Number of protein chains: 2
Amino acid sequence: MFKKVILAEDFQGENHGIAETLHEKLAIEELQNELYCDKVFTRLKVALKNNAPFELLVTDLFFEEDHIDRKITSGRELIKAARALQPNLKIIVHSMENNPLQINTLFKEHKINGYVCKGRNGMIELVNAINEVFHNRTYVSPQVNLTAANNTIELDDFDRSILKELANGLTKKEVSDKFKRENKTPNSESTIDKRISKLYDEYETKNTTSLLFKLAKEGKI
Amino acid sequence: MFKKVILAEDFQGENHGIAETLHEKLAIEELQNELYCDKVFTRLKVALKNNAPFELLVTDLFFEEDHIDRKITSGRELIKAARALQPNLKIIVHSMENNPLQINTLFKEHKINGYVCKGRNGMIELVNAINEVFHNRTYVSPQVNLTAANNTIELDDFDRSILKELANGLTKKEVSDKFKRENKTPNSESTIDKRISKLYDEYETKNTTSLLFKLAKEGKI
DNA sequence: GAATCCCTTACAGATATCTGTAAGGGATTT
DNA sequence: AAATCCCTTACAGATATCTGTAAGGGATTC
């Protein structure tokens with residue numbers, strides 16, 4: 001089993017719960033747990049310098065802001081920095097995020113080794129994930145459907161620029177006029193109509209209101 | 001100190017962490033922890049029936065959906081049901097929610113006794129909250145500014161029911177028809193128009209699309 | 001009981017949205 | 001070069017949205 005593990009989790013309750021569970025279920029010799037990304041990164045650096053590097057990082061993605069100044073403000077940034085520092089470090093993400101797209105990019109761009117959703121089985125899955133990753137396999141929570149990520153519709157820049165103006169209360173005619181003024185192209189009201197109608201189909205919505213609402217709720221704009 | 005406490009928290013890690021902390025820091029004789037609201041409510045009922053009621057409920061607000069059928073799907077519903085069942089029960093909410101408006105309505109409508117934000121000090125605050133509530137005082141996490149809640153505009157049930165249907169893609173005429181079918185009142189298209197127009201003013205938006213977008217972004221619906 | 005206020009409702013006119021048809025242009029294929 | 005595909009654009013007709021006016025009813029005030 002891993003000898004030296006570090007945990008980044010800003011919720012005190014969750015942090016405590018994970019630490020307890022890992023002590024109970026796994027024979028990890030040294031487990032350090034931190035509430036701030038910056039502290040985790042410092043520990044990784046120091047450990048590496050002392051020729052006693054950590055073998056596994058377990059980290060959340062979202063870290064709440066508070067009165068303390070931070071350089072690294074998210075799990076994603078921590079992962080990137082940790083990968084650059086220590087390419088052979090194993091990384092498991094433990095987060096509420098369940099958007100396959102987001103999770104997919106973590107595997108692709110940052111070569112994480114496991115992904116566990118917070119939830120009713122979070123601790124059971126985390127223990128499994130650590131075991132799998134220890135044996136050089138990857139682990140993904142079963143409720144995450146990574147193949148779905150490939151089927152999702154991407155919004156391109158033109159879509160986004162239209163949606164932004166509509167969200168702001170402009171009519172399609174006004175959006176068209178604005179684009180013409182700014183020499184953006186395409187810019188006809190008709191083309192804007194067509195683009196938006198296409199999005200109705202893709203997102204299974206009926207009108208501008210329900211489309212913008214759905215996209216806002218899903219955090220896509 | 002409280003002799004009999006029940007905990008409702010669906011994240012296994014957080015649940016474990018809270019339970020551990022309370023065991024360590026407080027002399028609670030009996031602490032039951034559950035991952036589902038329905039189970040909590042059943043336990044409350046049984047305990048009351050056996051003349052050994054719980055004294056304190058600590059609950060989250062959001063409970064993730066899974067494959068299991070649920071009657072009570074949110075902390076808010078659980079609180080309402082628990083209050084109706086056992087008016088003298090002390091209730092502390094422990095959640096990520098930090099919107100003063102939402103928190104205020106919990107104190108006003110459901111007479112909760114304490115509110116603790118999940119976060120880096122979550123466990124320290126929770127222990128404090130339990131001590132305060134035990135001495136018949138209320139506790140609110142210091143980072144929550146409840147006075148700010150009084151300046152914001154409230155959405156009432158009628159507003160919400162209209163907005164929900166519009167978000168779903170119905171036209172105002174369809175919303176009016178639906179309300180008539182359901183014997184909801186008021187229900188005329190004209191009144192619905194008026195309500196929504198009022199919200200345009202209050203939220204400084206220009207049309208249905210921008211209104212729904214803004215409310216979705218701010219998490220108000 | 002009259003006056004007032006507020007909410008509900010009806011209606012109407014100006015705009016905006018949504019959908020379909022059709023034409024033209026650039027890029028790619030055959 | 002012709003055929004094809006895809007994107008842009010124009011236009012038009014049916015609906016929907018937004019705003020204003022006005023009438024009626026219930027509750028409260030005077």
Side-chain angles (χ1 to χ4, degrees), chain A residues 151-218 220-221, chain B residues 150 152-218 220-221:
Chain A
N151 300 330
T152 52
I153 311 115
E154 293 280 355
L155 296 171
D156 67 20
D157 287 345
F158 185 51
D159 293 329
R160 279 177 200 283
S161 61
I162 299 169
L163 291 166
K164 186 185 147 198
E165 303 300 342
L166 292 177
N168 220 14
L170 271 62
T171 67
K172 291 175 182 175
K173 171 135 191 21
E174 288 169 336
V175 176
S176 167
D177 292 345
K178 183 161 191 250
F179 284 6
K180 282 171 186 161
R181 249 182 293 123
E182 295 172 352
N183 291 321
K184 268 191 192 173
T185 166
N187 54 39
S188 81
E189 200 180 336
S190 181
T191 300
I192 292 170
D193 272 348
K194 291 270 175 295
R195 276 297 181 117
I196 295 297
S197 287
K198 203 187 72 185
L199 296 179
Y200 297 160
D201 293 343
E202 292 177 348
Y203 288 96
E204 293 175 16
T205 48
K206 294 177 189 168
N207 51 35
T208 312
T209 302
S210 54
L211 174 67
L212 271 283
F213 180 83
K214 185 165 189 180
L215 291 173
K217 271 290 173 194
E218 292 180 359
K220 299 208 167 122
I221 48 177
Chain B
N150 301 322
T152 52
I153 308 121
E154 294 274 2
L155 294 171
D156 67 20
D157 285 347
F158 185 52
D159 293 330
R160 279 177 201 283
S161 61
I162 299 170
L163 292 166
K164 186 185 147 200
E165 303 300 343
L166 292 177
N168 221 15
L170 271 62
T171 68
K172 291 173 183 176
K173 172 132 190 18
E174 288 169 336
V175 175
S176 167
D177 292 345
K178 183 160 192 250
F179 284 5
K180 282 171 186 161
R181 251 182 290 123
E182 295 171 352
N183 292 320
K184 268 192 192 173
T185 165
N187 55 39
S188 81
E189 199 180 337
S190 181
T191 299
I192 292 170
D193 272 348
K194 292 268 174 296
R195 277 298 182 112
I196 295 297
S197 287
K198 204 188 71 186
L199 296 180
Y200 296 161
D201 293 343
E202 291 177 348
Y203 288 95
E204 295 175 14
T205 48
K206 295 176 188 169
N207 51 35
T208 312
T209 301
S210 54
L211 174 68
L212 270 283
F213 181 82
K214 185 165 189 179
L215 291 173
K217 270 291 172 192
E218 292 180 0
K220 298 206 167 126
I221 48 176

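Model, not experiment: these values are computed from the prediction. We name chains A, B, ... by the order of the sequence lines, and we start the count at 1 in each one.
Y203(B) approaches K214(B) most closely through the heavy-atom pair O-NZ, 3.0 Å. When all heavy atoms of T205(B) and L199(B) are compared, the closest pair comes out as OG1-O, 4.1 Å. For the residue pair F158(A) and P186(A), the shortest heavy atom distance occurs at CE1-O, 3.3 Å.
The residue T171(A) sits close only to the backbone: its heavy atoms come under 4.0 Å of sugar-phosphate atoms, none of a base. When heavy atoms are screened at a 4.0 angstrom cut-off, T208(B) is found touching the sugar-phosphate backbone but no base atom. Contact annotation for K172(A): backbone-only contact, meaning every heavy-atom pair under 4.0 Å involves sugar-phosphate atoms and none involves a base.
To the nearest angstrom, P of dC7(C) lies 16 Å from CG of D157(B). Between the CD atom of E189(B) and the P atom of dT17(D) there is a distance of 7 Å, given to the nearest Å. Rounded to an integer number of Å, the gap from K198(A) NZ to dC6(D) P is 12 Å. dC7(D) atom P lies 17 Å from atom CZ of F179(A), rounded to whole Å. In this structure, I192(A) places its CD1 atom 16 Å from P of dT19(C), rounding to the nearest Å. In this entry the distance linking NZ of K194(B) with P of dC18(D) reads 12 Å, nearest Å. Going from atom CG of D159(B) over to atom P of dT8(C) covers 10 Å, rounded to whole Å. Rounding to whole angstrom units, CD1 of residue I196(B) and P of dA16(D) are separated by 17 Å.
The side chain of N187(B) contributes an N or O atom lying less than 4.0 Å from OP1 or OP2 of dT9(C). Note on S197(B): a side-chain N or O is less than 4.0 Å away from OP1 or OP2 of dT19(D).
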List the steps, then state whether side-chain contact (heavy atoms from CB on, under 4.5 Å) holds for K164(B) with I221(B).
CA-CA 8 Å; K164(B) 186 185 147 200; I221(B) 48 176; over 6 Å; no
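Base pairing of dA23(D) is made with dT8(C), judged by Watson-Crick or G-U wobble geometry with both donor-acceptor distances under 3.5 Å. Across all strands shown, dG13(D) is found opposite dC18(C) as a Watson-Crick or G-U wobble partner, with both distances under 3.5 Å. For dC30(D), the paired nucleotide is dG1(C), the pair qualifying as Watson-Crick or G-U wobble because both relevant distances are below 3.5 Å.
Counting heavy atoms from C-beta outward, E202(B) and K198(B) have side chains that approach closer than 4.5 Å.
Here the nucleotide nearest the side chain of T191(A), chosen from dT9(D), dT19(D), dT19(C), is dT9(D). Checking dC18(D), dA10(C), dC18(C) against every side-chain atom of D193(B), the shortest atom distance belongs to dC18(D).
Side-chain atoms of S190(A) come within donor-acceptor range of the base of dA10(D), with a qualifying N/O pair under 3.5 Å.
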